[in-house]
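Have a look at the structure below before the remarks.
Each chain gets a letter, A, B and so on, in the order the sequences are listed, and its residues count up from 1.
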Amino acid sequence: TQLLEQSPQFLSIQEGENLTVYCNSSSVFSSLQWYRQEPGEGPVLLVTVVTGGEVKKLKRLTFQFGDARKDSSLHITAAQPGDTGLYLCAGARTDSWGKFQFGAGTQVVVTP
Amino acid sequence: GAVVSQHPSRVICKSGTSVKIECRSLDFQATTMFWYRQFPKKSLMLMATSNEGSKATYEQGVEKDKFLINHASLTLSTLTVTSAHPEDSSFYICSASLSTIQETQYFGPGTRLLVL
């Protein structure tokens, strides 16, 4: 099984601060996705990264895929209370086509 | 686009009864749908992969006779929790992959199941 380790598990910051969430593995993934999930709802796709070294920006969110496609990071600049949620990374497995391996999730809380 | 719905959003049932959860892709055809289970404050655990017109593939440790999956069309998959028990109480989420973009999946809003 291709495992994805996500860190930190929990992050509490004040509005305006920056934060970074990491997703690491010893395995290669063909692509990696980041989601945000709010309580009682399904995960919402934020971005898919496919190419090693790829950097994608979505407003204040910056996503990076490692050169070797084994790790990824999500950076939020000037966090806002609306960024609060459970952030999940998911890698498209190469050992089982079509399936995804999820990280444990990072609970982010942004206080006003 | 790429909207996935689930029904019901929440259900309460008595122990021993069966519960059916529907997952629909509303604006696209999904050759593959996935069923996940999520415990409070935890990540998603893949239960099974559902392909249209064929038997579902279950992950290790998931009882196929307990969690019946049917993928009758390219837009509908159902999960039936048979003879539900309190330990089956959980948040069940489905996702669907676009037929032409296999490495992107879109999630439904989830179904909260409470077995009394």
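At a threshold of 4.5 Å between side-chain heavy atoms, the hydrophobic network of Ile, Leu, Val, Met, Phe, Trp and Tyr places A/Val44 and A/Val21 in two separate groups. A single hydrophobic cluster is not seen to contain both B/Ile21 and B/Met33; linkage of ILVMFWY side chains at heavy-atom distances under 4.5 Å, directly or through other members, places them apart. When the side chains of ILVMFWY residues are joined at heavy-atom separations under 4.5 Å, either directly or via intervening members, B/Leu68 and B/Leu76 end up in two distinct hydrophobic clusters. At a threshold of 4.5 Å between side-chain heavy atoms, the hydrophobic network of Ile, Leu, Val, Met, Phe, Trp and Tyr places A/Val110 and A/Leu46 in one connected group. Using a 4.5 Å cut-off between side-chain heavy atoms of Ile, Leu, Val, Met, Phe, Trp and Tyr, with links allowed through other members, A/Phe65 and A/Leu58 fall into the same hydrophobic cluster.
When the shell of 6.0 Å around NZ of B/Lys55 is examined, it contains 12 or fewer heavy atoms from other residues, nucleotides or ligands. The number of heavy-atom neighbours closer than 6.0 Å to CZ of B/Arg10, taken from other residues, nucleotides and ligands shown, is 12 or below.
For B/Thr57, the part lying near chain A is the side chain, with the backbone staying farther off; criterion is any non-hydrogen pair under 4.5 Å. Residue contact with chain A, scored on non-hydrogen atoms closer than 4.5 Å, is absent for B/Gln60. B/Gln38 touches chain A through its side chain: at least one heavy atom from C-beta onward sits under 4.5 Å away, while N, CA, C and O do not.
Within residues 68-83 of chain A, no residue has any heavy atom less than 4.5 Å from a heavy atom of chain B.
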- Walk me through it: do A/Lys99 and B/Thr32 pass the test side chain to side chain contact (heavy atoms under 4.5 Å, CB included)? CA-CA 10 Å; A/Lys99 294 185 182 179; B/Thr32 304; over 6 Å; no
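Ranked by heavy-atom pairs under 4.5 Å with chain B, the first of A/Ala104, A/Gly105, A/Pro43 is A/Pro43. The residue among B/Ile93, B/Leu44, B/Val4, B/Leu46 with the most heavy atom pairs within less than 4.5 Å of chain A is B/Leu44.
Across all their heavy atoms, A/Gln37 and B/Phe91 have their closest contact at NE2-CE2, 3.9 Å.
Note that CD of A/Gln33 and OH of B/Tyr106 are 8.0 Å apart. Values are rounded to the nearest 0.5 Å.
Under the ring pair (Phe, Tyr, Trp, His ring centres under 6.0 Å) criterion, B/Phe107 pairs with A/Tyr35, A/Phe102, B/Tyr36, not counting sequence neighbours. For B/Phe34, the ring pair (Phe, Tyr, Trp, His ring centres under 6.0 Å) criterion is met by A/Phe100, not counting sequence neighbours. Residues passing the side-chain contact (heavy atoms from CB on, under 4.5 Å) test with B/Thr75 are B/Ser25, B/Ser73, sequence neighbours excluded.
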